[in-house]
J.: 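Have a look at the structure that comes next, please.
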Amino acid sequence: MTAALALGDDALVLSHRLGEWAGHAPVLEEEVALANIALDLLGQARVLLSLAGDEDELAYLREERAFRNVQLVEQPNGDFAQTIARQLYFSTYQELLYERLARGTGPFAPLAAKAVKEVAYHRDHAEHWTLRLGDGTDESHERMRRGLDALWRFTGELFEPVEGCEVEWHTLHDAWLTRITSVLERATLAVPEGPRRGGWAAGAGRQGIHTEPFGRMLAEMQHLHRSHPGATW
Amino acid sequence: MVTPTPAAAPTPAASDTGLTPLEEELLRLAGSVPDPELPMVSLAELGVMRGLRLLGPGRVEVELTPTYTGCPALESMATDIERILHDHGVPEVAVRTVLSPPWTTDAISAEGRRKLAESGIAPPAPRDAAAGGGPVPVALAVRCPHCGSTETELLSRFSSTACKALRRCAACGEPFDHFKEL
């Protein structure tokens with residue numbers, strides 16, 4: 001189940017990244033919001049990974065190269081604006097993808113129909129913060145611009161067809177770009193320029209090729225389970 | 001963890017609901033379990049009970065649907081259902097999670113809504129059947145559960161649990177949870 005791994009790993013890895021904000025978010029409401037979004041994603045990851053095998057083994061005992069998530073979701077949190085940029089790019093994509101999967105008859109339709117309503121709230125949250133930061137102070141505008149620019153090169157991979165997902169990827173891409181452009185215009189921000197992917201022809205996250213920060217994230221995520229196999233509390 | 005729902009097998013002595021009197025009684029018991037995080041409402045009032053089938057003597061299968069995919073209360077709901085059915089003489093209880101059709105806030109009963117409001121949680125507005133859920137774009141008035149004013153503002157889309165948003169009342173100044181539409 002290549003597709004279950006790809007979609008499940010996207011949700012799992014982003015969930016972990018968002019969880020890293022616990023205790024560090026700028027205000028209490030955001031602490032709670034990011035943790036809630038992380039929890040939704042973790043729920044999706046559990047369903048998806050269970051379609052592919054044992055959820056715990058898949059999450060905690062695979063090596064870096066066996067993960068199939070896009071590189072976007074493994075990128076470090078950066079400042080709050082960069083996290084919002086990652087949320088905007090990813091939740092917009094995930095909502096459009098789940099809308100399409102929910103309409104189909106494939107194995108992901110029940111989860112997609114359920115999760116798309118949750119993801120709509122994630123996207124709404126990211127859009128509101130993009131507007132506030134972009135159309136806020138000079139400092140917040142500049143930070144939002146930097147976050148969007150820094151992650152732009154990871155957005156091309158989102159539209160690499162995933163085997164097993166019956167989706168028209170090019171129309172998904174066009175819908176994503178239209179939506180992102182509209183939000184950024186309202187936020188007085190420019191759509192970043194520059195390449196949408198890295199220069200490496202061997203592929204990226206979907207082929208198991210990840211960026212350097214991912215190994216450190218996995219080490220932290222898997223440490224407890226590997227040190228104390230089967231531990232419960 | 002999640003398996004497709006089999007069609008309910010017709011039972012010879014079935015009533016209008018397709019359940020035997022014993023199944024109806026057990027479903028009522030299971031549905032009377034309070035929600036672990038919103039103990040003022042029962043699982044039946046929350047609308048998360050999807051069905052119950054007697055598989056054989058002393059063997060029951062219960063179908064439960066989560067409010068949110070990652071709802072951490074699901075496991076404790078399942079344990080509570082198992083316990084109450086054990087206590088009523090059913091030794092073998094299997095609780096299955098079903099996702100389809102997805103739960104919506106429209107599944108919360110009128111009684112459930114009343115109890116939420118009574119406990120200081122603004123109940124969800126009815127969803128437009130065509131809208132399909134998610135954030136409601138128009139700022140619909142949410143009534144303060146403390147003073148009844150509709151002059152309330154959104155503080156955060158997420159609150160103490162995934163299913164609630166945090167609002168504040170401009171009239172009485174109190175913050176309150178709003179069970180947001182899904």
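Below, read A as the first sequence line, B as the second, and so on, with proteins coming before strands; counting in each chain starts at 1. No experiment lies behind these values; they were computed from the predicted model shown.
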J.: Check the surroundings of atom CD in A:Glu163: do more than 12 heavy atoms from other residues, nucleotides or ligands lie under 6.0 Å from it?
T.: no
J.: Take atom CD of B:Glu111 as the centre, draw a 6.0 Å sphere, and report whether it contains more than 12 heavy atoms from other residues, nucleotides or ligands.
T.: yes
J.: Hey, which of B:Pro66, B:Pro101, B:Ser100 is the one that makes side chain to side chain contact (heavy atoms under 4.5 Å, CB included) with A:Lys114?
T.: B:Pro66
J.: For atom NE2 of B:His86, is the number of surrounding heavy atoms from other residues, nucleotides or ligands below 6.0 Å larger than 12?
T.: yes
J.: So what's closer than 4.5 Å to chain B heavy atoms on A:Leu39: side chain, backbone, both or neither?
T.: both
J.: Side chains of A:Lys117 and B:Tyr68: does their closest heavy-atom pair fall under 4.5 Å?
T.: no
J.: Give a yes or no on this: more than 12 heavy atoms of other residues, nucleotides or ligands lie within 6.0 Å of atom CD of A:Glu220.
T.: no
J.: How long is the gap from OG1 on B:Thr69 to CG on A:Leu48, to the nearest 0.5 Å?
T.: 9.5 Å
J.: Are more than 12 heavy atoms, taken from residues, nucleotides or ligands other than A:Arg132, located less than 6.0 Å from that residue's CZ atom?
T.: no
J.: Output the distance between atom CD (A:Glu118) and atom SG (B:Cys71), rounded to the nearest 0.5 Å.
T.: 10.0 Å
J.: Which heavy atom of B:Leu166 sits nearest a heavy atom of A:Glu29, and at what distance?
T.: CD2-CG, 4.4 Å
J.: Does any backbone or side-chain atom of B:Thr104 lie under 4.5 Å from a heavy atom of chain A? Answer side chain, backbone, both or neither.
T.: both
J.: Step through the shown structure and confirm whether more than 12 heavy atoms of other residues, nucleotides or ligands are within 6.0 Å of CZ on B:Arg168.
T.: no
J.: Supply the atom-to-atom distance B:Leu74 CG to A:Arg46 CZ, rounded to the nearest 0.5 angstrom.
T.: 8.5 Å
J.: Against chain A, work out which of B:Ser160, B:Ser156, B:Ala165 has the most heavy-atom pairs shorter than 4.5 Å and name it.
T.: B:Ser156
J.: Which label fits B:Phe158 and A:His122: parallel for a plane angle under 30°, tilted from 30 to 60°, or perpendicular past 60°?
T.: tilted
J.: Can you tell me how far apart OG1 (B:Thr161) and CG (A:Asn36) are? Round to the nearest 0.5 Å.
T.: 7.0 Å
J.: B:Pro102 and A:Ala113: which non-hydrogen atoms are nearest, and at how many Å?
T.: CG-O, 3.9 Å
